[in-house]
Amino acid sequence: MSQLTSAVNADATFASDHPCTSVVAAVISDGAERLLLCQLHQGRQLWGLPGGRIRNGESPIHAVLRDVREETGAEIELSDLVGFYQLTGDGGGDGLPDVVVHVFRARLRGGEVSVNAPGRVVRLSWHDPDSLPEPLTATTRAALADAVAGRSGVLRDVRRDLTRERTDLTGAPEAAPVAAVG
């Protein structure tokens, strides 16, 4: 039996029929080494990394470039893969799918950032790694810790933080004004 087959068999306990979604995100830094975060327009308006779902037939690299452009209006240059993060936990029975997040490290290549997708993003802002806003999504918290520490190629399981990531069950986003980039 090959090592790969052994590893797959050993990980069979992690396999499930629970739905899974693949998404991308980018840890984007500027010349001052600040990190770009977006406040999401849903639920508790958590702070997260720019990114989104991978479309059918789309590569993760194309998806992250497209989603960052759609959300921020800016072009980025990817430098490496911070890691893969599998977000699990059903939100207390809400039937939320597991999510596999491909997190890339990137720098701005051109353009100014501005809220370009007000239906998904409330605001964008630059933050020093030592003074991040709250609340952060669990995946963002893990990916930023790895990125700031200079890690690449990380494989990590992340559990949803049910006290922070539980969304409004009515589906109605909380009202908040769209703010300028700060």
Side-chain angles (χ1 to χ4, degrees), residues 2-29 33-40 42-55 58-68 71-72 76-107 120-121 124 126-167:
S2 74
Q3 285 183 326
L4 179 59
T5 303
S6 297
V8 169
N9 289 339
D11 287 338
T13 58
F14 295 110
S16 76
D17 58 359
H18 196 73
C20 187
T21 300
S22 293
V23 301
V24 292
V27 175
I28 304 169
S29 59
E33 299 306 314
R34 296 177 304 168
L35 304 170
L36 182 64
L37 296 176
C38 56
Q39 191 172 33
L40 307 175
Q42 61 198 27
R44 297 185 179 206
Q45 296 181 352
L46 302 168
W47 287 92
L49 298 169
R53 286 184 189 226
I54 300 172
R55 295 177 180 166
E58 185 177 43
S59 74
I61 292 171
H62 182 266
V64 73
L65 295 172
R66 175 188 50 77
D67 270 317
V68 168
E71 290 182 355
T72 71
I76 59 171
E77 180 177 318
L78 302 177
S79 59
D80 71 18
L81 179 70
V82 175
F84 293 107
Y85 298 81
Q86 182 168 344
L87 179 64
T88 60
D90 70 358
D94 297 336
L96 297 175
D98 287 354
V99 179
V100 175
V101 186
H102 304 72
V103 179
F104 296 90
R105 190 180 330 268
R107 288 206 170 273
R120 295 189 307 202
V121 175
L124 297 168
W126 294 99
H127 297 274
D128 184 77
D130 295 327
S131 60
L132 298 173
E134 289 292 339
L136 291 169
T137 68
T139 305
T140 297
R141 185 177 312 285
L144 287 177
D146 290 333
V148 169
R151 297 183 192 106
S152 295
V154 174
L155 303 173
R156 189 180 305 279
D157 283 326
V158 177
R159 297 282 302 164
R160 280 190 175 91
D161 182 342
L162 301 181
T163 61
R164 294 180 185 197
E165 295 191 37
R166 189 164 179 132
T167 57

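Looking at heavy atoms from C-beta onward, Leu132 lies out of side-chain contact with Trp47 at the 4.5 angstrom threshold. Counting only heavy atoms from C-beta outward, the side chains of Thr139 and Val99 never approach each other to under 4.5 Å. Looking at Tyr85 and Asp146, their side chains come closer than 4.5 Å, going by heavy atoms from C-beta outward. A 4.5 Å side-chain heavy-atom check between Val158 and Val101 finds every atom pair outside the cut-off. Put simply, the side chain of Val103 does not reach to within 4.5 Å of the side chain of Leu81, judged on heavy atoms. The side-chain heavy atoms of Leu40 and Thr137, taken from C-beta on, include a pair separated by under 4.5 Å. Counting heavy atoms from C-beta outward, Phe84 and His102 have side chains that approach closer than 4.5 Å. Side chains of Asp67 and Pro50 form no contact here, defined as non-hydrogen atoms less than 4.5 Å apart.
When every heavy atom of Ala26 is checked against every heavy atom of Val64, the shortest pair comes out as CB-CG2, 3.8 Å. The two residues Arg156 and Ala142 have their closest heavy-atom pair at CD-CB, 3.9 Å. For the residue pair Ala63 and Val24, the shortest heavy atom distance occurs at C-CG2, 3.7 Å. Closest heavy-atom contact between Pro133 and Leu37: CD-CD1, 3.6 Å. Taking every heavy atom of both residues into account, Leu124 and Cys38 meet most closely at CD2-CB, 3.3 Å. A pairwise comparison of heavy atoms in Arg107 and Ser29 identifies NH1-OG, 3.2 Å as the closest pair.
Between Arg53 and Glu58 there is no salt bridge, since no side-chain nitrogen of the basic residue lies less than 4.0 Å from a carboxylate oxygen of the acidic one.
Here the side chain of His127 pairs no donor or acceptor atom with the backbone of Arg34 at under 3.5 angstrom. A donor-acceptor contact shorter than 3.5 Å links the side chain of Gln39 to the backbone of Gln45.
Here the rule is side chain to side chain contact (heavy atoms under 4.5 Å, CB included) with Leu35, and of Thr140, Leu49, Asp128, Val148 only Val148 fits it.
Atom-to-atom distance recorded for Trp126:CH2 and Glu33:CD is 10.0 Å, nearest 0.5 angstrom. Rounding to the nearest 0.5 angstrom, the gap separating the OG1 atom in Thr88 from the CG atom in Asp157 is 6.0 Å. Between the OG atom of Ser22 and the CD atom of Gln86 there is a distance of 9.5 Å, given to the nearest 0.5 Å. From Asp98, atom CG reaches atom OG1 of Thr21 across 8.5 Å, with rounding to the nearest 0.5 Å.
Residues Arg105 and Ser152 bring a donor and an acceptor atom of their side chains to less than 3.5 Å of each other.
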